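Quick note on labels: first sequence line is chain A, next is B, and so on, each numbered from 1. Because the structure is predicted, anything quoted here is derived from the model rather than measured.
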Amino acid sequence: MIEENELIENRLEKLKTLREKGADPFAVERFDRSHTAMQLLTGADEIGEQTVSAAGRVVSMRPMGKATFLHIQDSTGRIQVYIKADTVGAETYQLLSLVDIGDFLGVEGSIGKTRTGETTIFAKGFEVLSKSLRPIPIGKQKGDQEWYGLQDVEQRYRQRYLDLIVNPEVMDTMVKRSIIVRAIRQFLDDEGFIEVETPVLQAVAGGAAAKPFDTYYNALNHEFHLRISLELYLKRLMVGGFDKVYEMGRVFRNEGLSTRHNPEFTLLELYQAYTNLEDMMDLVERLFNNICQQLYGGHTFSYNGETISLERPWKRIPLLESIREHTGIGPEEFETLESAKSAGVRLGLPMDEENTIGGIVDKIFERFVQPKLIQPVFITEYPVDISPLAKKDPANPGMTRRFEPYIAAYEVGNAFSEINDPLDQRERFIDQARQRATGDAEAHPMDEDFLRALEHGMPPTGGLGIGIDRLVMLFTSSPSIRDVILFPQLKPEKQ
RNA sequence: GGGUCGUUAGCUCAGUUGGCAGAGCAGCUGACUCUUAAUCAGCGGGCCGAAGGUUCGAAUCCUUCACGACCCA
């Protein structure tokens, strides 16, 4: 449905005329390109006299009577085209008056430079390959400073295709996202990991502290949930005999939206038998350096003006030590719930809803420590009550063998030596059920099927999870998760 | 969930104390055969997010709602 609008009517009229002249743009099926815009711009000298062809969207037009300059844009860049009535013939030239900014044009000609030195296709002919019936809000520079383009963030998200046409940095970020994902797969494949796929629809959604999306499967007459993590199914595979597995997939959490949260996001989880969390730290360091190498050719990159160095080894510091460092409150104050609460109150945090020591520690850390963690650091030793799937630390009562890597104040992962003691795991689930009963909707649900798997025996295993979206934010200096997701969640428009 | 801000032409934005709704870009008509997101002359284009209220008079003030951004929980 196209609403009445003068601009659209004009273009519909032009389309009609093109069709009458036997140049129906929508009848075209293919066009042979010899080069991309970038290849023409960088390789003009080697190309020499030969005839080239290129295609793209018209992004600017400067008609000057019987000659016209325009730019076409493809996924690699923009190149100028010069079309002269004498060269292409008067009849063909007249078709140009039916071309609008936004249309797709195929051009054939020779490459050269204009008087002012811009590399340009001097057209011998052209073809309209598709017509844009709605105006494209392509920006324009007037004088030194005035820019016009697509600014409205809501429209940029709802109509991302326009954003991609108009704002080149969006395409750039998404290409980097692809490079990162590819680097991860390549790295893990080279390390001998097997990529697997596990169910998205789950009867029990576990593996993380989050509320799931609920749905209903008619054929089985049963309620299901969209997964909130990959963890419990991948561990079942460790029971089954995989030594090294990973999955990179979409998970869903029924939570609010923010610059760091989208309800669906991409999670990488991997598990490696016979390794512990020190091995996972080693893997994280190597993986991040590998990504950085592929993106920027070294082990440093810039995040919002800060230079981040991924050089190994990264600093390691226990969670409670990091809190002491930044608040002066020592580990001894977190031994009882009462003193932990009073420490929180002393720091000015509301403590009404907190009912576990781990919860209070988490809150204080997030507020006072996390923002300071710019260079890479592994925070280690997390309290048992907020780590229901991590092995207890025998040397450190109340703590688990767990770490989270932080870079540029981002939590970029979560890893631990996995619990493989089914008796311990059952106790943790029971404890979580107690928290759930007191109103914590995010406490981990009991999962008897998973416990049964553990009871068959799982080797000692190191596990690691990495949020891909935040990783991309980190490596592309993106302030919002919406900048790294092509179609971020929005409320539907009213009809 | 709470707070702050935003929503005006296709796009980017002005709009004074409440007094005829504007500009640039693009669009249309014309001129122009090396322009630099051209230049020159002219012309169109609006449910001012929605609904209610105050007022002689509302884009502007008040209320509610919708959508979005940022901050906080």
Identify whether any heavy atom of [X] sits under 4.0 Å from a base atom; if not, whether one sits that close to sugar-phosphate; answer base, sugar-phosphate or nothing.
X       : answer
K113(A) : nothing
L490(A) : sugar-phosphate
D152(A) : sugar-phosphate
R482(A) : sugar-phosphate
Y93(A)  : nothing
R156(A) : nothing
T68(A)  : nothing
K491(A) : sugar-phosphate

* **Close aromatic pair by centroid cut-off 6.0 Å: F365(A) and Y406(A)** => yes
Considering only the [atom1] atoms, how many Å lie between [N] and [M], rounded to the nearest integer?
N      : M      : atom1 : value
A50(B) : C56(B) : P     : 25 Å
A9(B)  : A51(B) : P     : 16 Å
C65(B) : A59(B) : P     : 23 Å
C28(B) : G10(B) : C1'   : 14 Å
G19(B) : U64(B) : C1'   : 27 Å
A21(B) : G46(B) : C1'   : 8 Å

* OP1 or OP2 of C11(B) sitting under 4.0 Å from any side-chain N/O of R134(A)? -> no
* Asked: Taking the nucleotide of RNA chain B with the closest heavy atom to each, which residue, P135(A) or Y157(A), is nearer the 5' end?
  -> P135(A)
* **5'-most by nearest nucleotide on RNA chain B - G117(A) or K14(A)** => K14(A)
G-U wobble or Watson-Crick pairing nucleotide for [N] (cut-off 3.5 Å, both distances):
N      : answer
A69(B) : U4(B)
G22(B) : C13(B)
A50(B) : U64(B)
G27(B) : C43(B)
G57(B) : none

* To do: Would you please classify the geometry between the F122(A) ring and the Y82(A) ring as parallel, tilted or perpendicular, with 30° and 60° separating the classes?
  => perpendicular
* Asked: Using 30° and 60° as the class limits, which term best fits the ring planes of F429(A) and H444(A): parallel, tilted or perpendicular?
  -> parallel
Starting at atom [atom1] of [X], determine the distance to atom [atom2] of [N], rounded to an integer number of angstrom.
X       : N      : atom1 : atom2 : result
E6(A)   : C43(B) : CD    : P     : 15 Å
Y82(A)  : C34(B) : OH    : P     : 5 Å
Q151(A) : G6(B)  : CD    : P     : 17 Å
L70(A)  : C34(B) : CG    : P     : 15 Å
Q155(A) : G6(B)  : CD    : P     : 20 Å
I72(A)  : U35(B) : CD1   : C1'   : 17 Å

* Quick one: do the R401(A) and N396(A) side chains pair a donor with an acceptor below 3.5 Å? -> no
* **Donor-acceptor pair between Q370(A) and E366(A) side chains, under 3.5 angstrom** => no
* Structure fact -> Checking G27(B), G68(B), U12(B) against the side chain of L7(A) (C-beta onward), the nearest is G27(B)
* Using the side chain to side chain contact (heavy atoms under 4.5 Å, CB included) rule, pick out the option among D74(A), T36(A), I111(A) that qualifies with I79(A). => I111(A)
